[in-house]
Colleague: 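Take this structure first; my questions come after.
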Protein chains: 2
Amino acid sequence: MRGMALDHAILVSLLEMPGSGYELARRFDRSIGYFWTATHQQIYRVLGRMAADGLLTVREVPQQGRPDKKEYSVAAPGRAALTRWLHEPIEPESMRHELAVKIRGAAFDDPAALIREVERHHRAHSDRLAHYLAGERRDFTGPAAPAPLDAGQELQHVVLRGGIAYERMTIAWLDDVLATLHRIGAATPPA
Amino acid sequence: MRGMALDHAILVSLLEMPGSGYELARRFDRSIGYFWTATHQQIYRVLGRMAADGLLTVREVPQQGRPDKKEYSVAAPGRAALTRWLHEPIEPESMRHELAVKIRGAAFDDPAALIREVERHHRAHSDRLAHYLAGERRDFTGPAAPAPLDAGQELQHVVLRGGIAYERMTIAWLDDVLATLHRIGAATPPA
DNA sequence: CTTGTCTATGCAACGAGTTGCATACAAAGA
DNA sequence: TCTTTGTATGCAACTCGTTGCATAGACAAG
């Protein structure tokens with residue numbers, strides 16, 4: 001078994017709650033998608049493959065007011081495959097930060113021209129942080145949240161705290177980047 | 001133009017210093033590879049394509065005691081392509097954290113079984129942090145570092161500070177994850 | 001003298017991920 | 001009525017990225 005992380009992300013999401021490809025795609029825009037993205041194309045393809053392999057069961061669900069859907073659930077072999085994967089070691093992630101490439105590239109262009117772009121990223125990450133914090137209040141720390149969290153909720157919460165920490169760190173770093181760009185711009189005016 | 005971030009990472013690296021595919025692969029194990037990874041296969045393929053497209057020039061360099069190499073440099077159209085890309089907006093990155101999938105999956109398995117894996121990641125990130133800090137001392141903050149940094153060095157430094165901040169944040173989060181796993185394990189003993 | 005390591009390049013095959021397009025039904029609004 | 005938005009699924013083509021394998025010269029260790 002190589003990567004296949006999407007397969008496992010789908011298995012986890014379907015164990016948390018069975019659903020259609022469309023619904024999974026929605027979830028990948030929210031919660032689980034905060035740390036693993038996927039398009040609907042990818043999801044439909046993987047669902048089809050896993051169903052053909054017997055890891056998932058499909059149920060046609062007629063709906064009123066909207067097209068029928070295929071609801072997928074995790075079958076016993078799917079759950080076994082997930083358990084096997086959970087016990088395998090995985091490689092620690094390496095970063096993939098395109099903006100960092102741009103920042104280093106700015107040495108061969110006008111560094112000041114990058115300021116607007118960095119500010120745009122700063123806003124995007126600030127929005128994401130606000131979104132995460134709202135979700136945390138709603139589901140875990142607010143008055144409407146379940147009083148004692150169960151194990152699954154504790155785990156979802158700690159993953160969300162990771163997202164929050166990531167956004168805060170990124171925002172602080174982008175402040176550092178902006179200060180650096182301004183400092184360079186002041187010292188060496190644009191060519 | 002789609003993603004092509006590797007193309008641009010290679011252009012930046014070759015502008016910083018011309019080199020062969022092999023040398024680039026070495027650099028992708030260090031500095032530039034801290035935030036953008038690539039295997040030698042990918043690098044050779046992209047170098048070939050970019051040279052065919054006239055973005056790079058190749059020079060056969062005979063060497064003694066080792067095989068000849070092809071040294072690539074950025075040609076004018078390559079530099080123009082990089083400048084164009086630097087002025088285009090890019091999407092803020094979304095996370096891709098496989099370990100987070102595992103943590104949520106642990107709700108359907110024994111959470112305590114994940115502790116060793118998380119500890120392994122903790123060690124890997126601590127090692128990476130130590131490595132970054134050593135690089136920072138060597139190149140930027142130590143006594144052997146150039147006294148006033150030029151713009152390019154300032155930009156390299158701020159990118160490295162981003163890597164350092166990322167590793168520190170990740171280590172703190174993994175501490176949080178471990179505490180959570182222990183708390184859950186104490187409350188609900190393994191099935 | 002054989003094995004292993006380092007430099008150096010590359011092919012072939014596969015799997016992962018993206019983009020564009022297409023279909024179809026329903027509801028809401030202009 | 002016509003367009004837009006949302007639900008729901010999917011094909012085809014492409015690019016990106018990984019893995020395994022292969023070659024080849026130089027050097028060092030056993």
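So you know, we letter chains A, B, ... as the sequences are listed, proteins then strands, and number each from 1.
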Colleague: Less than 4.0 Å between a side-chain N and a carboxylate O, is that true for B:K69 and B:E23?
Modeller: yes

Colleague: Do the ring centers of B:H97 and B:W173 come within less than 6.0 Å of each other?
Modeller: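 Here the rings of B:W173 and B:H97 have centres that are less than 6.0 Å from each other.
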
Colleague: Once you round it to whole Å, what is the distance between P of C:dT18 and CD of B:E93?
Modeller: 12 Å

Colleague: Is any side-chain N or O of A:R66 closer than 4.0 Å to OP1 or OP2 of D:dA8?
Modeller: yes

Colleague: Each residue besides B:V61 in its hydrophobic cluster should be listed here, by chain and number; the cluster joins Ile, Leu, Val, Met, Phe, Trp and Tyr at side-chain heavy-atom distances under 4.5 Å.
Modeller: none

Colleague: Pull out every residue in residues 39-63 of chain A that has a heavy atom closer than 4.0 Å to any atom of DNA chain D, ordered by number, or say none.
Modeller: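 Going residue by residue through residues 39-63 of chain A, the ones with a heavy atom under 4.0 Å of DNA chain D turn out to be A:H40, A:Q41, A:Y44, A:Q63.
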
Colleague: On DNA chain D, nearest-nucleotide positions of A:R96 versus A:G65: which is more 5'?
Modeller: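 Here A:G65 is the residue nearer the 5' end.
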
Colleague: For a quick test of reading the model: is some side-chain N or O of B:Y22 closer than 4.0 Å to OP1 or OP2 of C:dT9?
Modeller: no

Colleague: Under the salt bridge (charged side-chain N to carboxylate O under 4.0 Å, His left out) test against B:E167, which residue among B:R123, B:R161, B:R128 passes?
Modeller: B:R128

Colleague: Around atom NE2 of A:H87, are there more than 12 heavy atoms from other residues, nucleotides or ligands closer than 6.0 Å?
Modeller: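 Atom NE2 in A:H87 is packed in, count exceeds 12.
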
Colleague: Starting from the 5' end of DNA chain C, give me the residue, B:E23 or A:P67, whose nearest nucleotide shows up first.
Modeller: B:E23

Colleague: Please work out which of the three classes, parallel, tilted or perpendicular, describes the rings of A:Y132 and A:Y34, given edges at 30° and 60°.
Modeller: tilted

Colleague: Provide, to the nearest angstrom, the distance between the CG atom belonging to A:D7 and the P atom belonging to C:dA16.
Modeller: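 Checked: the CG to P distance equals 7 Å.
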
Colleague: Whole angstrom is fine here: how far is it from NZ in B:K70 over to C1' in C:dA8?
Modeller: 10 Å

Colleague: Find the distance A:E91:CD to D:dG17:C1' and express it as a whole number of Å.
Modeller: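 Rounded to the whole Å, the gap is 16 Å.
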
Colleague: Hey, does B:T37 reach any base, or is it just sugar-phosphate, or nothing, if we go heavy atoms under 4.0 Å?
Modeller: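 Since no nucleic acid heavy atom lies under 4.0 Å of B:T37, the category is nothing.
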
Colleague: Check this one for me: any side-chain N or O of B:S20 less than 4.0 Å away from OP1 or OP2 of C:dT7?
Modeller: no

Colleague: With no hydrogens and no angle check, do the side chains of A:S73 and A:R59 hold a donor and an acceptor under 3.5 Å apart?
Modeller: no

Colleague: How long is the line joining NE2 of B:H8 and C1' of D:dC16, in whole Å?
Modeller: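 Interatomic distance, NE2 of B:H8 to C1' of D:dC16: 14 Å.
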
Colleague: Could you state the atom-to-atom distance from CZ of A:R26 to C1' of D:dT5 in whole Å?
Modeller: 12 Å

Colleague: Nearest whole Å is fine: how far is D:dT9 P from A:E71 CD?
Modeller: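 Roughly 10 Å, once rounded to whole Å.
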
Colleague: Could you tell me how far apart A:D29 (CG) and D:dA8 (P) are, to the nearest whole angstrom?
Modeller: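 Atom CG in A:D29 sits about 14 Å away from atom P in D:dA8.
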
